[in-house]
Novice: 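Handing you this structure, nothing more for now.
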Amino acid sequence: MKIDNVSYRSVWVDADDGWSVHIFDQTRLPWSLDILRLTGRDQVAHAIRTMQVRGAPLIGAVAAYGLALALRHDSSDAAMERDAALLAATRPTAVNLAWAIRRMLTRLRTTPQADRVAAAYDEAGRICDEDVIQNEAIGRQGLELIGEIAARRPGPVNILTHCNAGWIATVDWGTALAPIYMAHDRGIDVHVWVDETRPRNQGASLTAWELGSHGVKHTVIADNAGGHLMQHGQVDLVIVGTDRVTRTGDVANKIGTYLKALAARDNNVPFWVALPSTTIDWTISDGVSEIPIEERDGREVTHIQGRDAEGRVTGVQLVPDGSPAANPAFDVTPARLVTGLITERGRCPATADGLCDLFPEYV
Ligand SMILES: CSC[C@@H](O)[C@@H](O)C(=O)COP(=O)(O)O
């Protein structure tokens, strides 16, 4: 996507040295656009853990490059297995991370040690290119949905989204936001309700920044406003991304997604989930009991970061001294609350049969 008319991906290899890996530091957005140069495994692991990079597809892609960086230092079998395990363990919920590392190992284990570094960069590059192609296809599939609503009546199509599933959460395009960008680019009148997405505010800081940069109409709302807006007919559909989908269509996504799905069901608002197939975990069928939910530091709940009147980015404490906080970072929306899944191969019901019809090779 473009920033100030320059096209960027969310991760890229330095054109000059040919090996260092570049990302945007997402903890600095929207206040400043800082590019980080990653040169080693530990720096990549740190970037994923601290959410300098985040979003399910993007952490998979960056971890893949992290393995390539690690192999530059030691490409032996033992080091490769150790570094792969370390990178895969940086965040637990998004299955794209484990998927990307597994895919890298599948190729690298049969690659002679002398050729491993080149093969790793090549495979990581393929993962990135495929992510872009898949997300663009998701955009086209979701565009049809938005177009159908737009054709039914005049006025903007009001879409609610949670967290950030835009281009900065993937290599490019995004998942939930890809159809919105395409609708906007084709002249469809879209307006997005952006959940702030406490505690880390990915909606308020990242989704609002992305949509604003692209010229898409949007309004940031407190997380608890969605149900009210739905009751008053101000939401035509919900589109969210996801970090892991079971083979039966249960959906893990940023904490609070489940409550939006409940409100959507109560108000007959379609609730769609956009995902590349790399986000499907074909090994599990019960999301609530089987998807590992990341517990993050309570400080993300007790404190908040923002820009003060002098333009300084600063953190402030929200709670009384000593109040403990819990911080489950994701929740699971049961398939029964999901209207459907938007994948690169088409839309389907959130069921085992629906997914198998689109991806028969996994049956
Ligand atoms: C296209 S990314 C989809 C999800 O990864 C996104 O909705 C989300 O929950 C991201 O969580 P985060 O904790 O910011 O990595």
Side-chain angles (χ1 to χ4, degrees), residues 1 9-11 23-27 29 47-63 90-100 128 131-132 134-139 142 160-181 192 194-207 209-210 223 238-245 251-261 271-281 287 291-297 300-301 327-333 338 341-344:
M1 301 295 269
R9 284 184 172 186
S10 302
V11 57
I23 57 166
F24 295 106
D25 181 351
Q26 298 195 29
T27 63
L29 285 168
I48 296 173
R49 279 195 208 100
T50 60
M51 295 174 62
Q52 288 172 325
V53 275
R54 43 147 302 281
L58 184 59
I59 59 178
V62 173
T90 46
R91 291 192 74 189
T93 303
V95 79
N96 306 62
L97 179 55
W99 169 85
C128 289
D131 185 60
V132 178
Q134 288 174 342
N135 296 332
E136 196 175 352
I138 289 168
L160 184 142
T161 193
H162 192 70
C163 195
N164 171 264
W167 72 269
I168 199 85
T170 64
V171 180
D172 205 350
W173 279 107
T175 55
L177 296 195
I180 293 170
Y181 288 130
V192 184
V194 178
D195 282 353
E196 58 177 343
T197 318
R198 277 283 287 149
R200 287 189 64 113
N201 292 312
Q202 291 95 326
S205 58
L206 302 175
T207 300
W209 172 75
E210 275 197 30
D223 286 327
V238 178
I239 312 179
V240 295
T242 169
D243 290 76
R244 192 184 296 229
V245 171
V251 169
N253 192 46
K254 183 52 53 189
I255 194 77
T257 303
Y258 172 45
L259 292 178
K260 292 297 136 62
F271 183 94
W272 286 87
V273 180
L275 63 137
S277 52
T278 52
T279 304
I280 304 168
D281 185 342
I291 297 178
I293 300 296
E294 180 179 13
E295 287 283 341
R296 292 187 64 86
D297 194 332
E300 293 180 349
V301 175
N327 189 9
F330 297 91
D331 61 24
V332 173
T333 299
V338 177
L341 306 172
I342 309 169
T343 79
E344 73 269 20

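In listed order, ligands and their atoms are each counted from 1. Residues take their numbers from the sequence shown, with the count starting at 1.
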Novice: Evaluate Ala56 for polar contact with ligand 1, using N/O atom pairs at a separation under 3.5 Å.
Specialist: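 Yes, Ala56 has an N/O under 3.5 Å of an N/O on ligand 1.
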
Novice: Run the side-chain contact (heavy atoms from CB on, under 4.5 Å) test on Ile180 and Val192 for me, step by step, so that the C-alpha distance in whole Å, both residues' side-chain angles and the decisive distance to 0.1 Å come before the verdict.
Specialist: CA-CA 8 Å; Ile180 293 170; Val192 184; 3.8 Å; yes

Novice: Main chain of Gly256, side chain of Asp331: is a donor-acceptor contact present, judged purely on distance under 3.5 Å?
Specialist: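 Checked: pair present.
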
Novice: In the protein, which heavy atom is nearest to atom 7 (O) of ligand 1, and how far is it?
Specialist: Asn253 OD1, 2.6 Å

Novice: With a cut-off of 4.0 Å, which atoms of ligand 1 are near a heavy atom of Ala169?
Specialist: 1 (C), 2 (S)

Novice: Show the numbers, then the answer: is there a side chain to side chain donor-acceptor pair (under 3.5 Å) between Arg54 and Asn164?
Specialist: CA-CA 9 Å; Arg54 43 147 302 281; Asn164 171 264; 3.2 Å; yes

Novice: Enumerate the atoms of ligand 1 whose separation from the nearest heavy atom of Arg91 is less than 4.0 angstrom.
Specialist: 12 (P), 13 (O), 15 (O)

Novice: Taking distance alone, with N or O pairs closer than 3.5 Å, would you say Gly55 contacts ligand 1?
Specialist: yes

Novice: If the cut-off is 4.0 Å to any non-hydrogen atom of Pro57, which atoms of ligand 1 fall inside it?
Specialist: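 Listed by number with element, the hits are 1 (C), 2 (S).
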
Novice: May I ask whether Ala94 places a heavy atom under 4.0 Å from ligand 1?
Specialist: no

Novice: Is the closest heavy atom of Asn164 to ligand 1 under 4.0 Å?
Specialist: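 In this structure, Asn164 qualifies as a contact of ligand 1 - some heavy atom is under 4.0 Å.
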
Novice: If we set the cut-off at 4.0 Å for heavy atoms, which region of Arg200 has an atom near ligand 1: side chain, backbone, both, or neither?
Specialist: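 The answer is neither; Arg200 stays 4.0 Å or more away.
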
Novice: Does Ala329 approach ligand 1 within less than 4.0 angstrom via side chain, backbone, both or neither, non-hydrogen atoms only?
Specialist: neither

Novice: Using modelled atom types only, decide if a donor and an acceptor are shared between the side chain of Thr279 and the backbone of Leu275 within a distance under 3.5 Å.
Specialist: no

Novice: Checking Gln202 against Thr207 for the side chain to side chain donor-acceptor pair (under 3.5 Å) test, could you report, in this order, the C-alpha distance in whole Å, the side-chain angles of both residues, the deciding distance, and whether it holds?
Specialist: CA-CA 7 Å; Gln202 291 95 326; Thr207 300; over 6 Å; no

Novice: Heavy-atom pairs closer than 4.0 Å: do any link ligand 1 to the side chain of Glu294, the backbone, both, or neither?
Specialist: neither

Novice: Are any of the heavy atoms in Gly174 under 4.0 Å away from ligand 1?
Specialist: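 So Gly174 does not count as touching ligand 1.
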
Novice: Does a side chain donor of either Asp243 or Thr93 reach within less than 3.5 Å of an acceptor in the other side chain?
Specialist: no

Novice: Using a 3.5 Å cut-off on N or O atoms only, is Gln202 in polar contact with ligand 1?
Specialist: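 Checking ligand 1 against Gln202, an N or O pair does fall under 3.5 Å apart.
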
Novice: Checking side-chain polar atoms at under 3.5 Å, does Asp25 have a donor or acceptor matched by the opposite partner on Thr27?
Specialist: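 A donor-acceptor contact under 3.5 Å links the two side chains.
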
Novice: What do you reckon, does Thr170 have a nitrogen or oxygen under 3.5 Å from a nitrogen or oxygen of ligand 1?
Specialist: no

Novice: If you measure from each non-hydrogen atom of Cys163 to ligand 1, which part falls under 4.0 Å: side chain, backbone, both or neither?
Specialist: side chain

Novice: Is it true that a side-chain atom of His162 and a backbone atom of Ile255 form a donor plus acceptor pair closer than 3.5 Å?
Specialist: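 Looks like yes, one N/O pair under 3.5 Å.
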
Novice: Classify the angle between the aromatic ring planes of Trp167 and Phe24 as parallel (below 30°), tilted (30 to 60°) or perpendicular (above 60°).
Specialist: perpendicular

Novice: Take every heavy atom of Met51, measure it against each atom of ligand 1, and state whether any distance is under 4.0 Å.
Specialist: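 Checking ligand 1 against Met51, which is what was asked, there is a heavy-atom contact under 4.0 Å.
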
Novice: Just which atoms of ligand 1 are under 4.0 Å from any heavy atom in Lys254?
Specialist: 9 (O), 11 (O), 12 (P), 13 (O)

Novice: Just do the side-chain contact (heavy atoms from CB on, under 4.5 Å) check on Thr343 and Ser277 with the steps written out, would you?
Specialist: CA-CA 7 Å; Thr343 79; Ser277 52; 5.9 Å; no

Novice: Which protein non-hydrogen atom lies closest to atom 14 (O) of ligand 1, naming both residue and atom, and how far is it?
Specialist: Arg54 NE, 2.5 Å

Novice: List the closest protein heavy-atom neighbour of atom 4 (C) of ligand 1: residue, atom name, distance to the nearest 0.1 Å.
Specialist: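 Of every protein heavy atom, Asp243 OD1, 3.1 Å lies nearest to atom 4 (C) of ligand 1.
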
Novice: Do side-chain atoms of Asn135 reach the backbone of Trp173 as a donor and acceptor pair under 3.5 angstrom?
Specialist: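 No, because the side chain of Asn135 does not come within donor-acceptor range (under 3.5 Å) of the backbone of Trp173.
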
Novice: Go through the steps for Gln52 and Gln26 under the test side-chain contact (heavy atoms from CB on, under 4.5 Å), then give the verdict.
Specialist: CA-CA 5 Å; Gln52 288 172 325; Gln26 298 195 29; 5.9 Å; no

Novice: Does the salt bridge (charged side-chain N to carboxylate O under 4.0 Å, His left out) test come out yes or no for Asp223 and Arg198, once each step is laid out?
Specialist: CA-CA 7 Å; Asp223 286 327; Arg198 277 283 287 149; over 6 Å; no

Novice: Any idea which protein heavy atom is nearest atom 1 (C) of ligand 1, and the distance to it?
Specialist: Thr175 OG1, 3.1 Å

Novice: Enumerate the atoms of ligand 1 whose separation from the nearest heavy atom of Phe330 is less than 4.0 angstrom.
Specialist: 9 (O), 11 (O), 13 (O)

